[in-house]
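What follows is a set of notes on a single structure, which appears directly below.
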Number of protein chains: 2
Amino acid sequence: MSYTRPLDLKHGRVDLSHGSGGRAMAQLIHDLFVRHFDNDYLRAQNDGACFPLPAGTGRMVMATDSHVVSPLFFPGGDIGCLSVHGTINDVAMAGGKPLYLAAGFILEEGFPLADLQRIVVSMAEAAREADVPIVTGDTKVVEQGKGDGVFITTTGIGVVPDGILLDPRRIQPGDRILVSGYLGDHGVAIMSLRENLSFDTAIKSDTAAIHGLAADMLAAVPGLRALRDPTRGGLAAVLNEFASAAGCGIVIREKAVPVRDEVAAACELLGLDPLYVANEGKLVAVCPAEDAEHLLDVMRSHPQGRDAAIIGEAIVDPNGFVQMETTFGGRRMVDWLTGEQLPRIC
Amino acid sequence: MSYTRPLDLKHGRVDLSHGSGGRAMAQLIHDLFVRHFDNDYLRAQNDGACFPLPAGTGRMVMATDSHVVSPLFFPGGDIGCLSVHGTINDVAMAGGKPLYLAAGFILEEGFPLADLQRIVVSMAEAAREADVPIVTGDTKVVEQGKGDGVFITTTGIGVVPDGILLDPRRIQPGDRILVSGYLGDHGVAIMSLRENLSFDTAIKSDTAAIHGLAADMLAAVPGLRALRDPTRGGLAAVLNEFASAAGCGIVIREKAVPVRDEVAAACELLGLDPLYVANEGKLVAVCPAEDAEHLLDVMRSHPQGRDAAIIGEAIVDPNGFVQMETTFGGRRMVDWLTGEQLPRIC
């Protein structure tokens, strides 16, 4: 197709015609999405992408995540790479090897094309690095004031090898709880930016695809009970979900939970509890007690699990309470988040 | 989990806590989404849904669509059923049997929970009727004024049987172009509502899942060249996409294109051209000339293809132009839509 004039990626803005199904939309898709995501599935320009049925006899997993993070650009990442990492991680937390991604964009009229390009390039790099192509997509445009720049919904599919059965209902008293590294970085990076706080050390989002780490862990300990990435609601939400699904209690030790000093300090300033703050490149794992040390070694030998720690264990408790032994020797309840602590964190 | 108070589905409104990852979000998901979508995949409440790898040796297809239609409720449907139909149809247009859907919701703070429930019930009914379950999802909430009620992104996956190869690049001069019924109903229903027009006969959206019709067509004529649903950009966009992919021209006959009298009249009033108006329950098919009459019979014997018609054919034309023989005997170009004719139609 020939276009009347090239897409002005320097000074141009999204307008309603970019969502119309006409020439302007075709141009946006061709010059921006197809160009940067760069694969044959997208180049075929059908409404869906076809690919071979995965070989083998395992199960498949499908996960979707809408991303509305604000601001769109933050230390350590942006909505583009975040939307790729988030969905890859959801597939990986089900024990799946992520294969393909779909991306749906909801753009606000007036959004600078230069910013959109920056986001698309970031998605493309994240997808390439993770080796999971974005094979199909969709673009809609809403009037100014009816959106907020850009929202991105990504969906991923993957294959779960035979023999892997991750299900929090399998957690039993005595099982150990592990985390893969420092908690709270993503949420605190976003909130510091919003509140215009600056610290001596810049706190960066931990956004990353951690399917490689998850695969190493599953290869070493196939009997892993459950994996989950502590995003919205943080570690507290994951532990409560686990306890509630398994019908047992969980106790963690405050001093074993890895939190960076600067994140702890920022949390104090912002009135946040690191246990409830979102992470975008971490995981929580539960395994039988006898596998815990081996699993920890495997995690620590992966770059994304270098700071992994065993933080607690499942206990007998028909109430399904989550508790924390504090540094001062007491115990406190770690309940579900009840209000909205951090809006639009991912 | 126990909730402090039940979800007020009569007078309640979406607030930021419904997207927080805490107790309020868990309650919304449980009381609304899990309750109405009602399947074991969702009840497992993991971040992704697991299902068996489809048997066989075919290919898979994945399609995604973000839905931002305004208004949310319209004659013949709403954003809920539309978001289910749209993605099922994209999977079907690739020759796929749709298997599973994922749904991502972006809700605006203050949106009435009663309206959300109505939309969720409509999605659930559409999914049940189409026999394609919604197996996983995500919910985000944005502040008032940063969204527009609700946006829904659905993603579908399906299996394409061996031997089916739908690709507009396979279209050859002489091939026949068919449509499955009256064009323009969806777009005109939405625009009439927005412009507050009323007609003697209410014009209803044609929103529907047409994977059953597509399956019948593929079973009867496996050599079908291409299928596509004429949504945004209408028939004109599909024909131009086909011509451009195939490197040939297309000629259609105006009097063969099925348009209801009331839709034609409304288009005149609204200044719209029915060729560019969106449809949400129709398809365009291309097949070898010798299969055309048989394909037409098969389409007409399906309730969703009752008004099917052969509207034209592919011709030799290295320019890839689409033309229409008008009722008055002339020929006019049917170009891509250049401006934004109908914003937020789907």
Side-chain angles (χ1 to χ4, degrees), chain A residues 1 16-17 19-23 46-54 56-66 68 90-91 93-94 100 102-106 135-138 140 142-143 145-148 151 153 155 157 159-160 228 231-233 237 244 336-341 343-344, chain B residues 1 16-17 19-23 46-54 56-66 68 90-91 93-94 100 102-106 135-138 140 142-143 145-148 151 153 155 157 159-160 228 231-233 237 244 336-341 343-344:
Chain A
M1 192 195 307
L16 289 170
S17 73
S20 67
R23 200 183 285 274
N46 291 314
D47 284 337
C50 280
F51 42 82
L53 194 63
T57 55
R59 287 163 303 139
M60 293 195 76
V61 56
M62 182 181 200
T64 199
D65 249 331
S66 293
V68 301
D90 279 349
V91 170
M93 294 306 102
Y100 304 101
F105 293 83
I106 298 175
V135 296
T136 190
D138 182 57
K140 293 292 189 315
V142 297
E143 304 88 338
K146 301 290 186 185
D148 196 15
F151 301 143
T153 301
T155 308
I157 60 169
V159 170
V160 185
R228 198 157 291 182
T231 56
R232 278 181 292 176
S244 152
W336 293 84
L337 181 66
T338 44
E340 164 69 25
Q341 195 187 31
R344 301 186 59 186
Chain B
M1 193 195 310
L16 289 171
S17 73
S20 66
R23 201 184 284 274
N46 290 315
D47 284 340
C50 279
F51 42 81
L53 193 64
T57 55
R59 287 164 302 140
M60 293 196 76
V61 57
M62 182 181 200
T64 198
D65 249 332
S66 293
V68 299
D90 279 348
V91 170
M93 295 303 102
Y100 303 101
F105 293 82
I106 299 174
V135 296
T136 190
D138 182 56
K140 293 292 189 316
V142 296
E143 304 88 339
K146 300 292 185 183
D148 196 16
F151 302 142
T153 301
T155 307
I157 60 168
V159 169
V160 184
R228 199 157 292 183
T231 56
R232 279 179 294 175
S244 150
W336 292 84
L337 181 67
T338 44
E340 164 68 24
Q341 196 187 27
R344 301 188 58 187

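Every chain is numbered from 1, with letters handed out A, B, ... down the list of sequences.
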**OP:** Examine whether an atom of Y100(B) lies under 4.5 Å from a heavy atom of chain A, and if so say whether it belongs to the side chain, the backbone or both; otherwise answer neither.
**Re:** both
Original post:
Contact part of P54(B) toward chain A, heavy-atom cut-off under 4.5 Å: side chain, backbone, both or neither?
Top reply: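 When you check distances to chain A, atoms from both the backbone and side chain of P54(B) fall under 4.5 Å.
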Look up atom [atom1] in [X] and atom [atom2] in [Y], then write down how far apart they are to the nearest 0.5 Å.
{"X": "I106(B)", "Y": "I106(A)", "atom1": "CD1", "atom2": "CD1", "result": "4.5 Å"}
{"X": "M60(B)", "Y": "M60(A)", "atom1": "CE", "atom2": "CE", "result": "4.0 Å"}
{"X": "N46(B)", "Y": "R228(A)", "atom1": "CG", "atom2": "CZ", "result": "5.0 Å"}
{"X": "D148(B)", "Y": "D148(A)", "atom1": "CG", "atom2": "CG", "result": "13.0 Å"}

**OP:** Among the options V160(B), V135(B), V142(B), T231(B), pick out the one with the most heavy-atom pairs lying under 4.5 Å from chain A.
**Re:** V142(B)
Original post:
Using a cut-off of under 4.5 Å for heavy-atom pairs, which of G104(B), G147(B), G48(B) has the most such pairs with chain A?
Top reply: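 Looking at each of G104(B), G147(B), G48(B) in turn, G147(B) comes out on top.
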Original post:
With side chains defined as the heavy atoms from C-beta onward, is the minimum distance between T155(B) and M62(A) less than 4.5 Å?
Top reply: yes
Subject >> Nearest heavy atoms of A237(A) and G21(B), plus distance in Å >> reply: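 Closest approach of A237(A) to G21(B), heavy atoms only: CB-O, 3.7 Å.
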Original post:
What closest approach, in Å, do W336(B) and R23(A) show between heavy atoms, and which atom pair accounts for it?
Top reply: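 Nearest heavy atoms, W336(B) then R23(A): CD1-NH2, 3.7 Å.
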Subject >> chain B contacts, top residue of A94(A), A103(A), A49(A) (heavy-atom pairs, under 4.5 Å) >> reply: A49(A)
**OP:** Show the numbers, then the answer: is there a side chain to side chain contact (heavy atoms under 4.5 Å, CB included) between T64(B) and T153(A)?
**Re:** CA-CA 9 Å; T64(B) 198; T153(A) 301; 5.9 Å; no
**OP:** With sequence neighbours left out, write down each residue that passes salt bridge (Lys or Arg N to Asp or Glu O under 4.0 Å) with D138(A), or none if nothing qualifies.
**Re:**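 Partners of D138(A) by the salt bridge (Lys or Arg N to Asp or Glu O under 4.0 Å) criterion, ordered by chain and then number, come out as K140(A), R232(B).
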Original post:
For V91(B), what residues pass the side-chain contact (heavy atoms from CB on, under 4.5 Å) criterion, not counting sequence neighbours?
Top reply: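 Partners of V91(B) by the side-chain contact (heavy atoms from CB on, under 4.5 Å) criterion, ordered by chain and then number, come out as V61(B), A63(B), P98(B).
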